[in-house]
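Side chains included, hydrogens not; waters and symmetry mates left out as well; all remaining heavy atoms used. Residue numbers start from 1 in every chain, and the chains themselves are labelled A, B, ... in the order their sequence lines are given, proteins ahead of strands.
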Protein chains: 2
Amino acid sequence: MSETEVPWLNEREMQVWRRWLRVQTELPAALGRDIARHSGLSLQDFETLVVLSEAPDERLRISALADQMHWERSRLSHHLRRMSARGLVSKEDCKEDGRGSFVALTEQGRAALESAAPGHVRAVRGLFLDGMSEDELALLGGFLERVLQRASV
Amino acid sequence: MSETEVPWLNEREMQVWRRWLRVQTELPAALGRDIARHSGLSLQDFETLVVLSEAPDERLRISALADQMHWERSRLSHHLRRMSARGLVSKEDCKEDGRGSFVALTEQGRAALESAAPGHVRAVRGLFLDGMSEDELALLGGFLERVLQRASV
DNA sequence: CTAACGTTGTTGACACATCAACAACCACCA
DNA sequence: TGGTGGTTGTTGATGTGTCAACAACGTTAG
């Protein structure tokens with residue numbers, strides 16, 4: 001709200017900013033193409049399965065899953081319905097809380113995850129990590145953390 | 001396709017990768033909230049208007065606009081229909097090529113852009129650029145360029 | 001106990017992106 | 001000239017994300 005003048009981006013800043021914008025769209029697109037081709041999963045499917053697979057008994061309350069994924073519950077609900085229809089996850093009701101449900105990995109879900117994971121790791125390395133030194137990694141990590149702090153609600 | 005073993009991400013790599021994924025969603029979300037609150041535009045509207053405003057006569061062939069934005073023509077066509085309905089752009093037909101059309105900035109479109117731009121620049125600085133040294137900027141630029149090369153079709 | 005309030009997960013309406021199909025048109029060549 | 005093939009921009013179908021509203025249930029205070 002303050003009316004202090006903010007200087008326009010100079011050439012270098014603009015270049016980096018526009019590159020960032022492009023990477024933000026091209027990188028997920030490339031990773032998504034790759035994972036879909038190799039496993040029929042989307043990146044969103046994959047993320048969901050990863051978090052579930054790391055949970056005790058490979059199952060989670062839906063809200064807990066939403067929190068860990070930083071997804072809105074509505075979005076997750078829609079997505080789980082579709083994944084459930086494809087047999088990747090299953091829902092079980094929760095005895096301790098009549099409102100709640102659990103989502104669990106199915107056999108098929110775990111199989112899909114295991115078949116997709118190595119290729120995805122390879123893609124993340126090949127596109128993103130390869131060629132980064134320890135120093136650069138640390139620097140990038142710090143930068144991302146700073147942005148995250150500022151952008152978070 | 002080669003079956004060479006690819007090592008899993010170590011702790012540091014995983015941390016940076018997951019941060020990247022979060023920034024990739026949170027940063028556009030924060031910028032989008034900001035620009036929508038101040039001007040009623042979406043980030044996509046804004047990008048469209050920026051490119052148009054930089055064109056000679058503030059108008060462009062639709063394919064040229066799509067190319068500059070790295071958007072599919074179909075996506076752009078849908079988006080322009082909505083923006084046109086809101087009076088932000090207008091379409092004119094092209095005399096040299098009976099298939100083609102021009103899109104042009106309207107008065108209202110330029111006004112919306114000019115009212116949104118300073119706040120957006122401030123947001124990009126505040127969330128993304130502030131606190132970055134020249135060296136870091138150069139490093140990030142190099143990194144992004146590298147990723148872009150690898151991820152591009 | 002119960003009334004008030006918060007939580008859980010779902011739903012439907014809508015905005016947006018992707019994809020394939022398409023009509024209209026241009027350019028080129030036999 | 002007329003056919004062939006590529007281009008332009010649009011459309012409709014489909015999948016997905018966001019938002020507001022909601023029923024069902026839990027929690028707490030009086």
Side-chain angles (χ1 to χ4, degrees), chain A residues 21 24-33 35-37 40-48 52 59-86 88-104 153, chain B residues 21-22 24-33 35-37 40-48 59-86 88-104 153:
Chain A
L21 291 177
Q24 210 169 49
T25 63
E26 304 262 339
L27 182 58
L31 289 172
R33 264 178 265 128
I35 206 172
R37 189 154 38 86
L41 296 176
S42 69
L43 280 180
Q44 292 86 341
D45 298 335
F46 185 80
E47 285 178 51
T48 309
L52 271 183
R59 45 182 248 144
L60 275 178
R61 287 292 296 273
I62 291 184
S63 288
L65 181 55
D67 288 349
Q68 286 191 43
M69 299 182 70
H70 304 281
W71 280 22
E72 293 184 16
R73 273 175 308 153
S74 162
R75 176 184 178 187
L76 183 58
S77 177
H78 284 302
H79 200 75
L80 289 178
R81 179 175 37 76
R82 295 186 290 257
M83 290 184 71
S84 173
R86 291 195 288 146
L88 296 169
V89 299
S90 66
K91 290 186 206 167
E92 310 161 1
D93 26 309
C94 172
K95 288 165 187 166
E96 300 89 52
D97 189 332
R99 299 162 294 183
S101 307
F102 284 96
V103 222
V153 189
Chain B
L21 289 178
R22 275 198 69 197
Q24 210 169 49
T25 63
E26 304 262 339
L27 182 58
L31 290 172
R33 264 178 265 129
I35 205 172
R37 188 154 40 85
L41 296 175
S42 70
L43 280 180
Q44 293 85 345
D45 298 334
F46 185 80
E47 284 177 53
T48 310
R59 48 183 244 142
L60 274 178
R61 286 292 297 271
I62 291 185
S63 289
L65 181 55
D67 287 348
Q68 286 191 43
M69 299 182 69
H70 305 280
W71 280 23
E72 293 184 16
R73 272 175 303 142
S74 163
R75 176 183 178 188
L76 183 58
S77 177
H78 284 301
H79 199 77
L80 289 178
R81 180 176 35 75
R82 294 186 291 258
M83 290 183 71
S84 173
R86 292 194 287 146
L88 296 168
V89 299
S90 65
K91 291 186 205 165
E92 309 161 2
D93 25 308
C94 172
K95 288 166 188 167
E96 301 88 52
D97 189 333
R99 299 163 294 183
S101 307
F102 285 97
V103 224
V153 189

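- Between the CE atom of A:M69 and the C1' atom of D:dG17 there is a distance of 13 Å, given to the nearest Å.
- Look at CG on A:L41: it is 16 Å from P on D:dG15, rounded to the nearest Å.
- Only one option out of A:R59, A:K91, A:K95 pairs with A:F102 in a side chain to side chain contact (heavy atoms under 4.5 Å, CB included); it is A:R59.
- In terms of phosphate contacts, B:R73 brings no side-chain nitrogen or oxygen within less than 4.0 Å of OP1 or OP2 of D:dT7.
- Relative to the side chain of A:D97, the nucleotides C:dG12, D:dG26, C:dT18 differ in distance, and D:dG26 lies closest.
- Closest heavy-atom contact between B:L41 and B:I35: O-CG2, 3.3 Å.
- Here the P atom of nucleotide C:dT7 and the CZ atom of A:R61 are 14 Å apart, to the nearest Å.
- Taken to the nearest 0.5 Å, the CG atom of A:D67 stands 11.0 Å off from the CZ atom of A:R61.
- When the nucleotides C:dA17, D:dC25, D:dT16 are ranked by their closest atom to the side chain of B:R82, C:dA17 comes out on top.
- In this structure, the nucleotide among C:dT10, D:dG9, C:dA13 sitting nearest to the side chain of A:H78 is C:dA13.
- Between A:D45 and A:K95, the residue anchored nearer the 5' end of DNA chain D, judged by the nucleotide with its closest heavy atom, is A:D45.
- Regarding contacts with the backbone of C:dC16, every side-chain N or O of B:R75 stays at 4.0 angstrom or more from both OP1 and OP2.
- Proximity of a side-chain donor or acceptor of B:S77 to a complementary backbone N or O of B:R73 within less than 3.5 Å is not detected.
- Set against D:dT18, C:dT8, C:dC16, the side chain of B:Q44 has C:dC16 as its closest nucleotide.
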### Task
Walk me through it: do B:S42 and B:D45 pass the test side-chain hydrogen bond (donor to acceptor under 3.5 Å, both in side chains)?
CA-CA 5 Å; B:S42 70; B:D45 298 334; 3.1 Å; yes

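- When distances run from any side-chain atom of B:I62 to the nucleotides D:dG9, D:dC19, C:dG12, the shortest one goes to D:dG9.
- The phosphate of D:dG9 (OP1 or OP2) has no side-chain N or O of B:K91 nearer than 4.0 angstrom.
- Atom CD in B:E72 sits about 18 Å away from atom P in D:dG12, given to the nearest Å.
- The distance between atom CG of B:L43 and atom P of D:dT18, rounded to the nearest whole Å, is 13 Å.
- Side-chain N/O atoms of B:S74 and base N/O atoms of D:dT11 include a donor-acceptor pair closer than 3.5 Å.
- In this structure, the CG atom of B:L76 is 16 Å from the C1' atom of C:dA15, given to the nearest Å.
- Within the 4.0 Å cut-off from OP1 or OP2 of D:dT10, not a single side-chain nitrogen or oxygen of B:R99 is found.
- As a whole-Å value, the separation of A:E96 CD from C:dG9 C1' is 16 Å.
- In this structure, the CZ atom of A:R81 is 16 Å from the P atom of C:dG9, given to the nearest Å.
- The residue A:S101 sits close only to the backbone: its heavy atoms come under 4.0 Å of sugar-phosphate atoms, none of a base.
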